[in-house]
S.K.: 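Below is the structure I would like to discuss, written out as structure tokens.
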Amino acid sequence: MRSPRTSEGASPMLEPASAPPPDFTVLIPTYNEQENVAELLRRLVAALSPRHDGGPVPRLLFVDDSTDLTPVLLREAAADCPLPITVLHRETPEGGLGGAVVAGLREATGAWAVVMDADLQHPPALVPELVAAGRSGQADLVVASRYAQGGSRQGLSGAYRLVVSGASTLLAKLLFPRELHRISDPMSGFFAVRLAAVEPMALRPLGYKILMELAVRSRPRRVAEVPYRFGERFAGESKSTVREGLRFLRHLAMLRLSTPGGRAIAFALVGLSGVLPNLGLLRLLTSGAGMHYLPAEVLANQGALLWNFALLELTVFRDRRTRHWASRAGRFWLLGNADLLLRVPLLALLVGGLGMGVLWATALSLVVSFAVRFLIAERSIYLPQRVPTPTSATT
Ligand code: GDD
Ligand code: MN
């Protein structure tokens, strides 16, 4: 079992001293939900009626970033709530909602964590069902889905949110067909996950879509779904904003670039885009400055290399700039120029030695050069940041 840690700036935890080990953790991120706390707790207690035989009970873990009375109300309620309540109030709300869920996953105890919202759009009555579905189906992840048969998203207010939610789901599924194949509602914020199947330290959520992050990075092997009706907010208003939408797009890009396949495609696109500065510079140097086309081409090629380097640094390899910048630039420059030098003998071999047509030989040499350059970039220029190795499984 993971030992509870108190993260920096967090308030002390409240928990009965002699509580039996929790069966699972209900993990609820909260941000200014003071009007919802009482009703939420009432419904959670009703749904998770504690056992009187001293057997394991679920634990409620709130990760709170509120500036209102939410944490105060939660702590007050904890005193006479039949379920053990832990309130982790973060002074610095790092990572927003996604960061809160990751912080909660690190503190969660028991075999499962059920992640849900505090505003009652996620019915508490479904919590035991999610865990039961995971246990009986031996799944690692159980998604409460608005799109599975029998589910609905009536609580999504207005056409605008309906369209945005639908488009986000479609886009995510297009970009991650394999990872999200079995998940009809990857935007859901309501799910149960087997703690042994996730490594919270490896998660890098950006904004709201923590389930998508988890499904793509942790790749739970077995996924189940339970339909549900996404209700109306009980009180207060949604914290989601347009800025959150933009953050979602960045999150998608980051996730896509977290796999070698995604990086290879982006690397190829950046390479292709280098044709533009190359031709532009060539024209400028020859027609504009009257330079001979050969030295002009050499210079134009250096310009394209610089363009590619800058773009790769800012996009594809943004998170892998672990070496010193001068080392990255030097290696990249060498690689780019060696590529030019080596492609000529390769071409000569393919055409002269193997009798290939010039066009085919050029195409093949470009593909080979692309693959070699990508591999060298990945293996020797842009090394991944160290991700902590998974700790032993939780109970
Ligand atoms: N700790 C913490 N920190 N909690 C937060 C933060 C934050 O920065 N921002 C929001 N929350 C909490 C809210 O208090 C609520 O309990 C939950 O996260 C969801 O926030 P809402 O503001 O109600 O989000 P929503 O209804 O727009 O979005 C929900 O539905 C979407 C599906 O349409 C979320 O569940 C999304 O994850 C989900 O994709
Ligand atoms: Mn909500």
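Fair warning: this is a prediction, and the values are worked out from it, not measured in the lab. Both counts, for ligands and for their atoms, begin at 1 and track the order of listing.
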S.K.: Do we see a donor-acceptor contact under 3.5 Å between the side chains of Arg256 and Thr259?
M.R.: yes
S.K.: One residue to check: Val63. Relative to ligand 1, which of side chain, backbone, both or neither has a non-hydrogen atom less than 4.0 Å away?
M.R.: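 Backbone only.
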S.K.: List every atom of ligand 1 that sits less than 4.0 Å from any heavy atom of His122, numbering the atoms from 1 in the order shown and giving each element.
M.R.: 35 (O)
S.K.: Report yes or no: does Arg153 have a heavy atom closer than 4.0 Å to ligand 1?
M.R.: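 No heavy atom of Arg153 comes that close to ligand 1.
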S.K.: For atom 29 (C) of ligand 1, find the nearest protein heavy atom and state the residue, atom name and distance (0.1 Å precision).
M.R.: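 In this structure, atom 29 (C) of ligand 1 has Asp117 OD2, 3.4 Å as its nearest protein heavy atom.
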S.K.: Determine whether the side chains of Arg146 and Ser152 contain a donor N or O and an acceptor N or O closer than 3.5 Å.
M.R.: no
S.K.: Would one find an N or O of Gln121, backbone or side chain, under 3.5 Å from an N or O of ligand 1?
M.R.: yes
S.K.: Compute whether any side-chain donor of one residue and acceptor of the other, for Tyr382 and Glu313, lie under 3.5 angstrom apart.
M.R.: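 Yes, a side-chain donor-acceptor pair sits under 3.5 Å.
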S.K.: Can you find a side-chain donor-acceptor pair between Arg320 and Gln385 that sits under 3.5 Å?
M.R.: no
S.K.: Please confirm whether Arg153 makes a cation-pi placement over Phe230, using NZ or CZ under 6.0 Å from the six-membered ring centre and within 45° of the ring normal.
M.R.: no
S.K.: Say whether Thr30 and Asp65, considering side chains only, have a donor N or O and an acceptor N or O under 3.5 Å apart.
M.R.: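 No.
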S.K.: Tell me whether Glu244 reaches ligand 1 (any heavy atom closer than 4.0 angstrom to a ligand atom).
M.R.: no
S.K.: N/O to N/O below 3.5 Å, does that happen between Asp119 and ligand 1?
M.R.: yes
S.K.: Can you list the ligand 1 atoms lying under 4.0 Å from a non-hydrogen atom of Glu33?
M.R.: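 Taking each heavy atom of Glu33 in turn, ligand 1 has 13 (C), 14 (O), 15 (C), 16 (O) under 4.0 Å.
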S.K.: Are any of the N/O atoms on Glu237, whether in the backbone or the side chain, positioned under 3.5 angstrom from an N/O atom of ligand 1?
M.R.: no
S.K.: Pull out every atom of ligand 1 sitting under 4.0 Å from any heavy atom of Ala100, numbered as shown with elements.
M.R.: 1 (N), 2 (C)
S.K.: Assess, by modelled atom type and distance only, whether the side chains of Arg233 and Ser238 contain a donor and an acceptor separated by less than 3.5 Å.
M.R.: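 On atom types as modelled, these side chains do not qualify, holding no pair under 3.5 Å.
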S.K.: Among all protein heavy atoms, pick the one closest to atom 7 (C) of ligand 1 and tell me residue, atom and distance.
M.R.: Leu97 N, 3.5 Å
S.K.: Any salt bridge between Glu213 and Arg204, counting N to O under 4.0 Å?
M.R.: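 Salt bridge: no.
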S.K.: Could you check atom 38 (C) of ligand 1 against the protein and tell me its nearest heavy-atom contact, residue, atom and distance included?
M.R.: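 Sorting protein heavy atoms by distance from atom 38 (C) of ligand 1 puts Met187 O, 3.2 Å first.
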S.K.: Verify the distance criterion only: is there a donor paired with an acceptor across the side chains of Ser273 and Trp307 at less than 3.5 Å?
M.R.: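 Checked: Ser273/Trp307 side chains pair up, N/O donor to acceptor below 3.5 Å.
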S.K.: For ligand 1 and Lys239, I'd like to know whether there is a polar contact (N/O to N/O, distance under 3.5 Å).
M.R.: yes
S.K.: Looking at every non-hydrogen atom in both residues, tell me the closest pair between Pro200 and Arg106 and how far apart they are.
M.R.: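 Nearest pair, atom of Pro200 first, then Arg106: CB-CG, 3.5 Å.
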S.K.: Can you list the atoms of ligand 1 that are under 4.0 Å from a heavy atom of Arg161?
M.R.: 27 (O), 33 (O)
S.K.: Just wondering, is there an N, O or S atom on Ser238 that's nearer than 2.8 Å to the Mn ion (ligand 2)?
M.R.: no
S.K.: Any side-chain heavy atom of Pro84 within less than 4.5 Å of one from Leu60?
M.R.: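 No; the side chains remain at least 4.5 Å from each other.
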S.K.: Do Phe267 and Phe317 touch side chain to side chain, with heavy atoms closer than 4.5 Å?
M.R.: yes
S.K.: Considering only the protein, which heavy-atom contact is closest to atom 2 (C) of ligand 1, and what is its distance?
M.R.: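 For atom 2 (C) of ligand 1, the nearest protein heavy atom is Asp65 OD2, 3.3 Å.
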S.K.: Could you list which atoms of ligand 1 come closer than 4.0 Å to a heavy atom of Thr30?
M.R.: 1 (N), 2 (C), 4 (N), 14 (O)
S.K.: Write out the residue and atom name of the closest protein heavy atom to atom 6 (C) of ligand 1, then the distance separating them to 0.1 Å.
M.R.: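 It is Tyr31 CB, 3.5 Å.
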S.K.: Does ligand 1 have an atom that lies less than 4.0 angstrom from a heavy atom of Lys209?
M.R.: yes
S.K.: Out of Phe248, Phe230, Tyr208, who gets a non-hydrogen atom closest to atom 20 (O) of ligand 1?
M.R.: Tyr208
S.K.: Yes or no: does Arg146 have any heavy atom under 4.0 Å from an atom of ligand 1?
M.R.: yes
S.K.: Do Ser184 and Ser145 pair up side chain to side chain, a donor and an acceptor below 3.5 Å, judged on atom types alone?
M.R.: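 Indeed, the side chains of Ser184 and Ser145 share at least one donor-acceptor pair under 3.5 Å.
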S.K.: Determine whether more than 12 heavy atoms belonging to other residues, nucleotides or ligands lie under 6.0 Å from atom CZ of Arg222.
M.R.: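 Check passes, neighbour count above 12.
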S.K.: Write out the residue and atom name of the closest protein heavy atom to atom 25 (P) of ligand 1, then the distance separating them to 0.1 Å.
M.R.: Ser238 OG, 3.7 Å
S.K.: Please list the nearest protein heavy atom to atom 12 (C) of ligand 1 with its residue and the distance rounded to 0.1 Å.
M.R.: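 Its nearest protein heavy-atom neighbour is Pro29 O, 3.5 Å.
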S.K.: Assess the pair Phe248 and Tyr208: is the distance between their ring centroids shorter than 6.0 Å?
M.R.: no
S.K.: Out of all atoms in ligand 1, which are within 4.0 Å of some heavy atom of Ala118? Include the element for each.
M.R.: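 Answer, ordered by atom number: 15 (C), 16 (O).
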S.K.: For ligand 1, is there an atom lying under 4.0 Å from some heavy atom of Arg233?
M.R.: yes
S.K.: Asp119: which N/O/S atom is nearest the Mn ion (ligand 2)?
M.R.: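 The nearest such atom is OD2.
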